[in-house]
Amino acid sequence: MFYFLWVIETLLCYYVAFYYPQYVAQNTQGHYFFCSAFSVILVGILTSVLLVSLNRLYEKENELSRRQKKEIEELNKAENNFFSSMSHEIRTPINTIIGLNEIILRGDIPEDVAENARNIQNASKMLLILINDILDLSKIKSKKMEIVNVSYETGTMFSDIINMIWIKTKEKGLEFRLHVDSSIPSMLCGDEVRIKQILINLLNNAVKYTDEGSITLSVRCERLNLNRVRIWFTVEDTGRGVKKENIPYIFNAFKRVDEEKNRHIEGTGLGLSIVHQLVELMGGEISVNSVYTKGSTFLVILEQDIVDDKELGGFTLDSHIRYREGDQYRQSFEAPNAHILVVDDNEMNLIVVKKLLAATKIQLDTALSGAECLQRTQTQYYDAILMDHLMPEMDGIQCLHALRTQPGGLCQNVPVLALTANAGSDNQLLYRKEGFSGYLAKPVSGALLEAAVSNILPRELVKFSEEVRQSELDKEILIFEQAQRTFLMVTTDSVCDLPESLKKKLGIKVCPYYICTDQGRFLDEVEIKADELLFYMATEKEGFSQPPSVADYESFFAERLTEAQNVIHITMAKHASQGYDNAVEAAKSFENVTVLDSGHLSSSMGLIVLYAASMVENHASKKEIVRTVKWLKHYVSSAFIIESTHWMCQAGRISKRIQIICDALLLHPIIVLRNSRMVVGGIGMGNFSHVAKSYIRKVLINKGNIDRRILFITYSGMDVQKVQYIRDMVQQYCPFEHIYIQKASSSIASNCGPGSFGLLFMKKIR
Ligand code: ADP
């Protein structure tokens, strides 16, 4: 630049010296130069002009490259959109072809028609593989391919892989060998779906390019540190091999080598390119060793995190092969009482699902849009919903969200399965995140559809066929964990004093209180029963109850959340125990745990729990249940008559002075629950039969106001005759439909002592 300006300046000097010699002096070397001021101004002007024009040029170039970059990005985006919508568009008609073809194959048809139908089936499957490969490649190219790391069981993964491949080797008369390092950890973390894709691709190639001999899959493991392993996967065949000069090209996309020899073998040259790029995305290595005409060995090295250090142990082929008798359809279940809804904007897809599920006798309704689906769920309860994703106006995800919060909707909690032509393993993540119960990619076979539907239907509605191994089908569909979990679960504490049969029937899980004695601390009703405790305490020894700690509640909730998506935990009256506060504190660690104060204890608290659990059975929403429990506590009657105040005094609930007075005057306090507090609601005086009679009359005085369906007579340390006496008296005075005679838990017994009982029931709800 400087040199350029110097040249210009010199030329100007010669020009000015020639025409205006009076302004110019000649230097000693014979060059002309301006007086310095003129020279500096001129150079300044010229430099600025030059800089401005250079800047403009630079900006123009920049703008051009920006525009070009944007155009390329848009082109890439368009190409990517094109590939994914093409894949979606092609999958939709293939779904119809495969589905209806399966219906033809299921029928009683002549052999030549069956042969044609089988050929259509094979061709459609090939077409699908092709579409999947193109989609994967376009994703890798546009850097949209994501590696999704999850915990997986190594044994299950190997079992799935060999079951996809051994039948092919058998059909081709090849031997399949398997060597799995027994020291490989039983659970690792990585992209299980993509590892399977890589190995299946290599194994499929091995089968394709081998005419005789064997295929061997070997897995070796090296511990890198406590938490990480390096795994060598080797796929070896005795096939035709690859010429040395072709080896550098086999991982290139669309590159098939030795085409002359391989022209009869189906392929596109995409498989190894995808495998190579997937291995790289996972930070691994892939290499090949091949001897032309003798065979090839592909080696994939991947590092994975250890989830469970336990060694896998001996893993043999025989113990993991799942035999299937041909591709013939066998009905897996019947569910005539189940009612499902299928939502899809494509009428043909609805017909296919309807036909594929016809044999199961499921009652099936269809909806052509999200809006129609919501219209139906407003008036009809369905046991499960199958939902397409890409639909005009309201798509499947929007519809699912609307369903979950539909005011007055009857399907707020039912499992919804995404049944979609929007393929790709990263979609699993999307559907899981959005709250679907599972995901099934179209086109879908009858067997997979049946497996998926039977998986999300309530178990009691499904009658499985004898010969179908459900576990075999479970492997091939993606039912997210929460599908097997119920949507909502009601839990409570061991002090709820409910019969085991009812807890079991309604799936009510209890968190145990503790009983502390000088022999140690025991879990209420698990490690110690009320009778044992009362016997122990009769010898003047101490025993008192203690609520679960915050940590106890945390682990209880964590476990429940593996069974249900949402937990409503109902505690004992909040001012009668520290349990409520501890549970509230523990619930802060979870998003889906709601803690409610029952305002009562023992079986009256149990009544509230029963009510809430039966609301879950009737598909009430979480909001409705929370609201109901909050007002329900005002409609429960909790009153206990205490035989001796000695125990209450020992538990620190009354003072020693009051205890002495009560004992001296044969007074029996009636303890009632008011505003979540235990208060003395009256006093009984005299012997047992007299006290019991007056207590029963007092508690049941408002006969017209009592819900006579259920009564709990909950007692501690009483003999059978006394309980029977109470029961008879109640039935004479105010008969109930069901009377549960319930022994109090050791925790409750430790507070009220032997000879105490309560009549616990609901008041009529106005
Ligand atoms: P495709 O098998 O669809 O042609 P691939 O990308 O999987 O495509 O493989 C690329 C090429 O590498 C194949 O066309 C074949 O020539 C060669 N090849 C791959 N695997 C093997 C193998 N196990 N034995 C011999 N040749 C193989």
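Only a predicted model underlies this, so the values are computations on that prediction, with no experimental measurement involved. We count ligands from 1, going down the list as the structure has it; atoms in each ligand are counted the same way.
- Less than 4.0 angstrom separates some heavy atom of V242 from each of these atoms of ligand 1: 25 (C), 26 (N), 27 (C).
- Under the 3.5 Å distance criterion, with hydrogens and angles disregarded, a donor-acceptor pair is assigned to the side chains of Y152 and Q304.
- The distance criterion of under 3.5 Å between nitrogen or oxygen atoms is met by Y209 with respect to ligand 1.
- Interface of I250 with ligand 1, defined as ligand atoms under 4.0 Å from a residue heavy atom, comprises 10 (C), 12 (O).
- Ligand 1 places these atoms under 4.0 Å from at least one heavy atom of K208: 1 (P), 2 (O), 3 (O).
- A distance-only check finds a donor-acceptor pair linking the side chain of K172 to the backbone of T210 [under 3.5 Å].
- Only backbone heavy atoms of L270 (N, CA, C or O) come within less than 4.0 Å of ligand 1; its side chain stays farther off.
- Counting heavy atoms closer than 4.0 Å to ligand 1, residue F298 contributes side-chain atoms (C-beta onward) but none from N, CA, C or O.
- Annotation: E111, atom CD; neighbour count of heavy atoms from other residues, nucleotides and ligands within 6.0 Å is above 12.
- Using a 4.0 angstrom heavy-atom cutoff, S296 counts as in contact with ligand 1.
- Where the criterion is an N or O separation shorter than 3.5 Å, residue side chain and backbone included, S273 fails it with respect to ligand 1.
- In terms of the side chain to side chain contact (heavy atoms under 4.5 Å, CB included) criterion, residue partners of M164 (sequence neighbours excluded) are, by chain and number, I200.
- Between the side chain of N95 and the backbone N or O of K442, no donor-acceptor pair lies under 3.5 Å.
- Close N/O approach between D237 and ligand 1 is found [any backbone or side-chain N/O within under 3.5 Å].
- Partner R194 forms a side chain to side chain contact (heavy atoms under 4.5 Å, CB included) with one of V279, V275, D136 and no other, that one being D136.
- Sequence neighbours left out, not one pair with a member in residues 226-248 passes ring pair (Phe, Tyr, Trp, His ring centres under 6.0 Å).
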